[in-house]
Amino acid sequence: MPCSPLASKSVKEDGYHALEDFLHVIVNGLWRTFWRKSGPLPFSLCCFHHPGSKFYAVEKAISRGRLEELRGLALISKNGNNLKVHWNQVVELVLFRQNILSGNELKLSVSTICEALFYGVHILISRCLSKSRTISDDSVFIMVFDSKFGAVIKLGGDLSKLELNTGDPYQSVAHWIKCHAEVLLSSVETIWNRLGNANWGDLGTLQVLLAAFYSIVQCNGPPRKSISSLASAHSLRLQKRRIECRLAENENAKIPYQQDGYQHGEIVELDHSDNPLVKNTSHLKLRQGEILLLEDQQQGQKSFQIQESFIGGNYFLYGAISLDYPTQLLTLYVGAHPSRLEPSWEDMSLWYQVQRQTKVLNILKHQGVSSKYLPEVIASGRILHPGPCKKQTPSVRCDHPWCGTPILVTLPVGEPLSYIVARDGPFSSDDALRCCRDCLVALRSAATASVQHGDISPENIIRVFNMQGTRHKVLYIPVSWGRAVLEDRDSPAINLQFSSSHALQHGKLCPASDAESLVYLLFFVTGGRMHPQDSIESALQWREKSWATRSIQQHLGEVSPLLKAFSDYVDSLCGTPYPVDYDIWVKRLNRAVDGSGSADRGKMIEEVAMTLRLENVAESSGTSGGGT
């Protein structure tokens, strides 16, 4: 983009060429990424003079000497072999002005907004009057640019409410805009820097990208790939490129690592060419038999040997044993060093899984909340890498890629419900009741410390076989407490299938949010049909429809009348400030799972901290009625 303040003919010509290239890169990139990798592009870019004018290619308009008349560019949806372009084929409009700002303020001028609305109304009316409606006629995106800044305006509304006065049509349109239209304005952001290059990673360009994306969705329907799936793969590509650049800068560097032919846990040095850590990712990946030395601030140095790998989701999870007590299998999380957290969503996920989960579990421990239905911290700290460490203070790290990597070791080890359902099919009634009971016990224990899980899903509930006792052989334990909500400012994880309605709408939890997520989980593990959701709006619509038609309660009622009653109870609490009465439902589920009918046995079963004072559950269940 030319940066000269002079509005000469050559500068304006170069500006239109730069804008055309900029928009072509955006549209072509979006189409090839989300819709089709091959085949012709179903769009073209044309310039225009005024509403109702013909569309020209930029080169043609310049050759005819009509450059000064141009108002901007339009993204046109191609109509087969018909070369004649109509205004109803405009997918989105781009206005290009010498200055879009209001004086010295970083906001759009009134004339810029009025011109954008003028063209927006013209496009909406053209779509409405078209016989072949290929583009949604309820809204249109108009982008406005000058040689430095840019913004996006969205105009939408019901044109059936436009009462046209042929004597003064502009007054009619103005009244419709004020009373019936929705006008949304983005912030004004820098698009091109002082060198004329587009700032692709900045907010201004991202606003333009999203506007173009949703404009294409209006014209061609939803994409084949979602934005979230692309984002999840982006971090892996980013880490790979970073490693390649690091190797190119220092080809002779050596990184201590474990050889394939290791003996008795010995750690040796490998070149980059043989190092699987450097080949694949910047994160630490471990293999069976490797030894990790962990520096725990409270317990000192502890050694763990990797037994198996459970790599799944966005974190690295292993089964390991402590060399001091080798009979017990433990869960070992490997995190990302804080210096690598900013560029990647994946690294932030690792931070939640390791550093913050360590904080949450330690808070539960320090407040005296212990339960066999909650994970227990065995050790936490940072890796001590082999060889000399050159860090100056304990809070910094040296150049070694392992230095400072956080580790969390917990107990117990189990299989996630998502894996169990995929392998074995839906749960039986007994398994579903036991799962509900165990999860409610865990949530009740955490609630005594004012902690909510915030991420109940099949991936975060594990099944554990308890071999120490004969009465209760199977336990269901909520894990992954990194997204737990401790105070109002904390935000839970957003899961389109299992998050509560309150979390999706407000980004916060209500007291019954975990119980609501548990109902969705029970619906899933018992064979309930959950359609994939592609947006928060569709997820909320599914929840509203499911609760309104009672499809969730009906399905759970076929599994167990008690689960149906529990879902009805949760439905009455959703979005309210009232807490869940865990005691009543744990007692009812105890009777269903264990078959214990005596009220004197209602002390629960080892599930809450010994420091908590539990009243006789029989006294608190006077309104429970029938328990099954």
Residues forming a side chain to side chain donor-acceptor pair (under 3.5 Å) with Glu487, sequence neighbours excluded =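 Per chain and number, Glu487 pairs via side chain to side chain donor-acceptor pair (under 3.5 Å) with Arg489.
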
Residues in side chain to side chain donor-acceptor pair (under 3.5 Å) contact with Ser63, at least two apart in sequence or another chain = none

According to the interplanar angle, ranging from 0 to 90°, do the rings of Trp87 and Tyr119 count as parallel (below 30°), tilted (30 to 60°) or perpendicular (above 60°)?
->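 Trp87 vs Tyr119 ring planes: parallel.
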
Who passes ring pair (Phe, Tyr, Trp, His ring centres under 6.0 Å) against His506, sequence neighbours left out?
->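 His502.
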
Ring pair (Phe, Tyr, Trp, His ring centres under 6.0 Å) against His49, all qualifying residues, sequence neighbours excluded = Tyr56

Are [X] and [Y] side-chain neighbours, meaning at least one heavy-atom pair lies under 4.5 Å?
{"X": "Asn220", "Y": "Phe43", "answer": "yes"}
{"X": "Leu162", "Y": "Ile125", "answer": "yes"}
{"X": "Trp200", "Y": "Val25", "answer": "yes"}
{"X": "Ser172", "Y": "Glu163", "answer": "no"}
{"X": "Leu209", "Y": "Ile26", "answer": "yes"}
{"X": "Ile407", "Y": "Val334", "answer": "yes"}

Any chance NZ of Lys508 has more than 12 other-residue heavy atoms, nucleotides or ligands included, within less than 6.0 Å?
-> yes

Answer yes if the ring centres of His531 and Trp542 are under 6.0 angstrom apart, and no otherwise.
-> no

Verify the distance criterion only: is there a donor paired with an acceptor across the side chains of Gln218 and Ser139 at less than 3.5 Å?
-> yes

By side-chain contact (heavy atoms from CB on, under 4.5 Å), which residues pair with Ser501, not counting sequence neighbours?
-> Glu516, Tyr520, Leu540, Arg543

Side chains of residues 111-118: which donor-acceptor pairs under 3.5 Å do they make with residues two or more places apart or in other chains?
residue	atom	partner	partner atom	Å
Ser111	OG	Arg97	NH2	2.9
Ser111	OG	Ser109	OG	3.3
Thr112	OG1	Arg97	NE	3.2
Thr112	OG1	Ser109	OG	2.7
Glu115	OE1	Arg71	NH2	3.3
Glu115	OE1	Arg97	NH1	2.4
Glu115	OE2	Arg71	NE	3.0
Glu115	OE2	Arg71	NH2	2.9

